[in-house]
Protein chains: 2
Amino acid sequence: MKYRSIGEAAAELDIPDSTIRYYEKKGLLPLVERDKAGRRIFSDDQMALLGTVMCLKNTHMPISDIKQYVDWIVEGERTLERRLEMMNRHKQAVLDEIALMTESLKGIDYKIDRYARELGKK
Amino acid sequence: MKYRSIGEAAAELDIPDSTIRYYEKKGLLPLVERDKAGRRIFSDDQMALLGTVMCLKNTHMPISDIKQYVDWIVEGERTLERRLEMMNRHKQAVLDEIALMTESLKGIDYKIDRYARELGKK
DNA sequence: ATACGACTTGAACCGTGGTTTAAGTCAACA
DNA sequence: TGTTGACTTAAACCACGGTTCAAGTCGTAT
C-alpha cells in the first residue's frame with residue numbers, strides 16, 4: 001500500500017495543501033493516518049475518498065452535504081439506501097445545472113453570431 | 001413600450017428585488033430610468049440587458065467581468081471586437097466547466113451503480 | 001552541528017455574491 | 001385624511017469556500 005504526504009497528495013490532485021487540511025477540518029476526510037512525526041499520510045483508500053470528494057465538489061455539492069455523505073460512509077452499510085438516494089438527488093441537480101448552463105449558452109451564442117456578423121459586414 | 005416596476009421585473013425573472021438593486025449598484029445595469037417618484041422603471045431594452053446579465057451569471061461569469069462587458073456595450077460599436085472575443089473566451093470556459101461536471105458525474109454514476117447493486121442483492 | 005524544506009497548529013483574514021435592516025417617501029384607495 | 005403597500009437609500013450583515021499567517025517541529029543532506 002502506497003502512502004503519500006499531504007504535498008504529494010495535493011500535487012496528485014492539483015490542489016493546494018491548505019485545501020486538503022481545510023477539508024479534513026470540515027470532516028470530509030475522517031480517519032486520516034499520521035506518521036511517527038505527526039504528519040498526515042494518505043493511503044490509496046484515502047485518495048479514493050478524496051477523489052470522490054473532488055467529484056462532488058466539482059459538481060457544486062455544498063461542503064455540509066459532502067460531510068453528511070462521508071459520515072454515512074463511515075457509519076457503514078446501514079446507510080447504503082440513504083447514500084443511494086443522495087447520489088440520485090445530486091445527479092438530478094447536476095443535470096439541471098448543466099441544462100441551465102446549456103440553455104444560457106444559447107444567449108451567448110446569439111451574441112457571438114450577432115457580433116461576428118456586424119464585424120464581418122464592415 | 002412597456003415599463004415595469006422593480007417588483008414586476010424581479011417577478012418576471014424570478015429573482016429578489018434586492019438582487020436587481022445590487023446589480024445596478026455594481027454597474028451591471030447602467031441608465032435605469034426612474035419615474036417622477038424616483039422609482040426604477042424597466043423598459044424592454046433594460047429587460048433584455050437583464051436577460052443577458054442572467055445568462056452570464058447562470059454560466060458563472062464573475063460580476064466584475066459582466067461589468068466590463070456592460071461597460072463595453074455602453075461604450076458603443078467601437079468595442080464590438082472586444083465583446084466578441086470576451087464572449088468566445090467565456091463560451092470556451094463554459095464548455096470546459098460543463099465537461100468537468102460531466103466527467104465528475106461519471107464518478108457519481110459509478111457510486112449509484114454500486115449502491116444499487118449492493119442493495120439489490122440483499 | 002546546522003541549515004533547509006516540508007510539515008504541524010489555531011486563528012485571522014479574504015473575495016464573492018448577495019440579503020437584511022432601518023428609516024423614510026410616495027401613490028392610491030377607503 | 002389616514003392607512004396600506006411598494007418603493008427608496010446606505011450600511012450592516014451573512015454564508016461559503018477557502019487562504020494566509022505566525023510560530024513551532026521534524027527529517028535529511030551537507
Going 5' to 3' through nucleotides 17-23 of chain C, assign each nucleotide B (protein heavy atom under 4.0 Å from a base atom), S (under 4.0 Å only from sugar-phosphate atoms) or - (no protein heavy atom that close). BBBB---
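Side-chain contact annotation: A:Asn88 with A:Gln92, donor-acceptor N/O pair under 3.5 Å absent.
Summarising the geometry, the separation between CG on A:Asn58 and P on D:dG17 is reported as 13 Å, rounded to the nearest angstrom. The interatomic distance linking A:Leu28 (CG) with D:dC16 (P) rounds to 14 Å, in whole Å. With rounding to whole Å, A:Arg34 atom CZ is found 10 Å from C:dT9 atom C1'. Rounded to whole Å, the distance from CG on A:Asp65 to C1' on D:dA15 is 14 Å. Residue B:Asp35 contributes atom CG, which lies 11 Å from atom P of C:dC26 at whole-angstrom precision. Between A:Ile66 atom CD1 and D:dG17 atom C1' there is a gap of 11 Å when expressed in whole angstrom units.
For B:Asp44, the salt bridge (Lys or Arg N to Asp or Glu O under 4.0 Å) test picks out B:Arg4, with sequence neighbours left out. Residues satisfying the salt bridge (Lys or Arg N to Asp or Glu O under 4.0 Å) criterion with B:Glu24, sequence neighbours excluded, are B:Arg34, B:Arg40. Partners of B:Lys67 under the salt bridge (Lys or Arg N to Asp or Glu O under 4.0 Å) rule, at least two apart in sequence or in another chain, are B:Asp71.
The two residues A:Met47 and A:Ala9 have their closest heavy-atom pair at SD-CB, 3.8 Å. Between B:Ile108 and A:Cys55, the shortest heavy-atom distance links the atoms CD1-O, 4.5 Å. Among all heavy-atom pairs drawn from A:Met87 and B:Ile112, the shortest one is CB-CG1, 3.6 Å.
Axis deviation across the helix from C:dA1-D:dT30 to C:dA30-D:dT1 amounts to 10°, comparing end segments of five pairs, rounded to 10 degrees.
No donor-acceptor distance shorter than 3.5 angstrom exists from the side chain of B:Thr79 to the backbone of B:Arg82, with no hydrogens or angles considered.
With B:Val70 as reference, B:Leu49 is the one residue of B:Leu29, B:Leu49, B:Leu56 to meet the side-chain contact (heavy atoms from CB on, under 4.5 Å) rule.
At a threshold of 4.5 Å between side-chain heavy atoms, the hydrophobic network of Ile, Leu, Val, Met, Phe, Trp and Tyr places B:Leu100 and A:Met54 in two separate groups.
Contact check for B:Val94 versus B:His90: side-chain heavy atoms found under the 4.5 Å cut-off.
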Distances under 3.5 Å between nitrogen or oxygen atoms of protein and nucleotides 5-7 of chain C:
unit_1 : atom_1 : unit_2 : atom_2 : d
C:dC7  : OP1    : A:Ser5 : OG     : 2.7
C:dC7  : OP1    : A:Gly7 : N      : 3.1

